[in-house]
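Down below is the structure, laid out as C-alpha cells.
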Amino acid sequence: MSPSDASFSENHESFASAAPMLKVMRLQSPDLAFRSTPSLTSPVLSSALILPDSFGVIHIGETFTAYIGALNVNPTLHVQNLSISATLQTPTRNVPMPSILENKFPMTPQERLNYKPIHIKPQEGVDAIISRPLEETGQHMLRVEVSYGGLDPTQQSLLQGDMTNQYDATGQNDNNGRKFFRKFYRFHVSSPLHIRELTLRGGESTCFVSLAVENAAPIESGCAGGLTVSQNTFQPCHGLCAQKIQNLPSLPDSQKTAVELFDDSGRLNPGESKRYMFEVKASSENATLKGIAMGDELGKAVITWYKTMGEAGRIASTFIYCPSCAIASESSKNMATDEANDIQDDDNFVVHRSGLSVDVAASAANRSVSYASSSEFQTFKTLEDRFPVTVEPISPPNTMHIGVPVELSVLVVNHGAKSMNLQLQMRLPQMKGVLISGQSFRNLGTLPPNGGSVISKIHLIAISPGLFFVSGCFIVDLDSGVEIRQPHLFSVLVVETDAS
C-alpha cells in the first residue's frame, strides 16, 4: 500500500458514520369522540380525546405541519454530515419544504468553505418542523431523502497532494463513502366544504352572489366532523367592490337564547349548510362606465373555518362569473331561424336591471371573433345580431296611479357597425294596462355606430290597476325599413288614485 493510500484509509475510517433513524410525524390536534357509556372512574376530558390514525383527515386550506427527526441509536459512532431534504408532491407539482436539517453537500470550493456539517453524537438526535399550506385536493406524497457519511468537506484542505483530487463534490463517489435512503408518506387531501354559487343580475353594473356552504364530511362521523365557519368574505376583481348582505339583528346577543346564539355561531355539522349573500358592483369609474357584462369575472368567495380543537383552515371557491341575461340564455334554445328575433307577449323578461344593453355591447365588441369556425354556432345569432339597437329605461317608476301621466326617459344605443337613421315607436296594440300618452313615435336622427346613443322621452298613462309590463317598443331603421322589436321595458304596479 502506498503512503497516500494509507493516509486516505486512516482519514476515511476517522469519518466512519452511524446510520441515522428517521422519524416523521404530522403535528395535529386530537379529535373529540365521546363514549356512548363513559366510565365514572376515567377522567372526562382524556376519555374524549383520541389520536387520529396515520396522518389523519387533512383538508384543503389547512397548513400541513410535520415533525422530522433523526436519531443516532449507535452507542459509539457519530452520524456524520447529515442532510435531510423534504419535498411535498401534489397532484400537479413538487413543492420543496426547506428546514434547518437540509444541509446540501457543497458543490464548489466556495460552498465548501461555508459548509457547516451536521453531526449527531451517539444516543442523541436532531429534529425540525416543516409546514406548507395545502392548496389542492387529491393524493399527496411527502418525500424525505436522507444523506449521511462520507468525508467531511471542511477537512479536505488537510488532505495533501493527490488526495484533494479524490474529492467528489456530489458526494456520490465511492471514495467519499456517502450513503442515501428515501422514505415516502402518502396521504389524501379532501375538501371540507362544498361551495355552490348562484349569481343573479341586478342591473348594468351590479350582481348578487348567493353562496351555499355545506359541510362535506360524512354524516356518519357525527359531531366529530363538525366545522365552525368563522369568516366568509368575497374577494372582488379589480374595479369591483363586494358587500355582504346581512339580516338586521332582532335582539342583542345578551338577550338571545343559547339556541339562537348557537345558530348564529357558524357551526356546521356534517351535511348541514348555510347560505350567504353578497352584492358585487362596479366601484371604479372605468368599471361603472363599462358595466358588468356576461362572462366578466366577479371574484371568488373565501371561507375561513375551524375544527373542534381550533385548527384553522381557509378555502376559496372557483372564480365566479357574471351570468348572461335571461333573454341571452333563452336565445340558445330557439335561434335556429329568423323567428328567434321575436319576443313573445307572455315572455317575463324585462330590460330594466337585466344588463341586456351591457351584454349586447360586450358581444358587439367581440364581433371580430368568428363563430363560423364552430358548427355549433353556425345557426345561432349573437346578441348584437338580434338587438343591433337597444332601448334602456332610465329610472322607471315602481308604481303608477291610474290616470296620472308619467314621463319616462329611455337610452337608445346603436351597437351595430354602421350608422342608422332611427325612429322610436310605441305601438298601442302590444300595450296592456299602461299605454302611451301623446305622440307614439320619436325621430331619433342618425346614430353613429359602435355605441352611439341618444336619450329620448316618452309619456305613459295607466288605465287599470294591477301589475303590468310596459311593452310595444319598436326601433325602426328609416333607411332600410328594418324593425327591431324590444323586450318588455320594465314592470310596474298600477294602483287606484287616492280620492283625496
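FYI, side chains are in, hydrogens and waters are out, and symmetry mates aren't considered; it's all heavy atoms of this structure.
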Check step by step if side-chain contact (heavy atoms from CB on, under 4.5 Å) holds for R314 and I303. CA-CA 6 Å; R314 197 164 179 256; I303 308 296; over 6 Å; no
Do L22 and K183 come within less than 4.5 Å of each other through their side chains, counting heavy atoms only? yes
Quick note, side chain to side chain donor-acceptor pair (under 3.5 Å) partners involving residues 226-235, not counting sequence neighbours, are T228-R267, N232-K244
Side chains of S357 and H415 in contact at under 4.5 Å (non-hydrogen atoms): yes
Heavy atoms of C322 and L298 approach each other most closely as N-CG, 3.8 Å
Q439 atom CD, over 12 foreign heavy atoms within 6.0 Å: yes
Between the side chains of H488 and S471, does any donor sit under 3.5 Å from an acceptor? yes
Indicate whether any N or O donor in one side chain lies under 3.5 Å from an N or O acceptor in the other, for E136 and T92. yes
Can you tell me how far OG1 of T304 sits from CG of L227, rounded to the nearest 0.5 angstrom? 12.0 Å
Whether Q486 side chain and E392 backbone form a donor-acceptor pair below 3.5 Å: no
Test side-chain contact (heavy atoms from CB on, under 4.5 Å) applied to L88 and M97, R143, M141, R93, the passing residue: M97
Test item: H140 and R132 side chains (from C-beta on) under 4.5 Å apart, heavy atoms: no
Shortest non-hydrogen contact from N269 to G226? OD1-CA, 4.0 Å
In this structure, OG1 of T446 is separated from CG of L444 (nearest 0.5 Å) by 10.0 Å
Nearest heavy-atom approach of D296 to G291 is OD2-O, 4.1 Å
Side-chain donor or acceptor of N414 paired with backbone N/O of P448 under 3.5 Å: yes
Side-chain touch I484/P388, heavy atoms, less than 4.5 angstrom: yes
Ion pair R201/D359, N-O distance below 4.0 Å: yes
From K457 NZ over to L424 CG, what is the distance, rounded to the nearest 0.5 angstrom? 13.0 Å
Separation between OG (S273) and CG (L211), nearest 0.5 Å, reads 12.0 Å
Please give me the minimum heavy-atom distance between S464 and V494, naming the atom from each residue. O-CG1, 3.1 Å
So I320 and V280, side-chain contact (heavy atoms from CB on, under 4.5 Å) or not? Walk me through it. CA-CA 11 Å; I320 299 174; V280 183; over 6 Å; no
Tell me whether S317 contacts the main-chain N or O of A301 through its side chain, where contact means a donor paired with an acceptor under 3.5 Å. yes
For the residue pair I402 and I463, establish whether any side-chain heavy-atom pair is separated by less than 4.5 Å. no
OG (S440) and CZ (R427) are apart, to the nearest 0.5 Å, by 9.5 Å
So which heavy atom on H59 is nearest to which on S191, and how close? CD2-C, 4.5 Å
Which atom names give the shortest non-hydrogen contact between P449 and S419, and what distance separates them? CD-OG, 3.3 Å
Determine whether E197 and S210 satisfy the following criterion, side-chain contact (heavy atoms from CB on, under 4.5 Å), listing intermediate values before the conclusion. CA-CA 6 Å; E197 68 273 357; S210 176; over 6 Å; no
Check whether S83 reaches the backbone of N103 with its side chain - one donor and one acceptor, N or O, closer than 3.5 Å. yes
Testing P396, P487, S395 one by one against H352 for a side-chain contact (heavy atoms from CB on, under 4.5 Å), which residue passes? P396
Got K274 and L268 here, is their nearest side-chain heavy-atom distance under 4.5 Å? yes
Are more than 12 heavy atoms from other residues, nucleotides or ligands located less than 6.0 Å from atom CD of Q243? no
Flag the pair K281 / C241 as yes when at least one side-chain heavy-atom distance between them is below 4.5 Å, and no otherwise. yes
Counting C-beta onward and ignoring hydrogens, is there a side-chain heavy-atom pair between F474 and Q430 closer than 4.5 Å? yes
Look only at the side chain of S283 and the backbone of G239, and say whether a donor-acceptor pair between them is shorter than 3.5 Å. yes
Please indicate whether R442 has more than 12 foreign heavy atoms, meaning atoms of other residues, nucleotides or ligands, lying under 6.0 Å from its CZ. yes
Residues L460, M431; criterion side-chain contact (heavy atoms from CB on, under 4.5 Å); working and verdict: CA-CA 11 Å; L460 303 172; M431 306 183 75; 4.1 Å; yes
Within a reach of under 6.0 Å around OH of Y67, are more than 12 heavy atoms found that belong to other residues, nucleotides or ligands? yes
Let me confirm one number: the CG-CZ distance from L198 to R196, rounded to the nearest 0.5 Å. 11.0 Å
Within a 6.0 Å radius of atom OH on Y306, are there more than 12 heavy atoms belonging to other residues, nucleotides or ligands? no
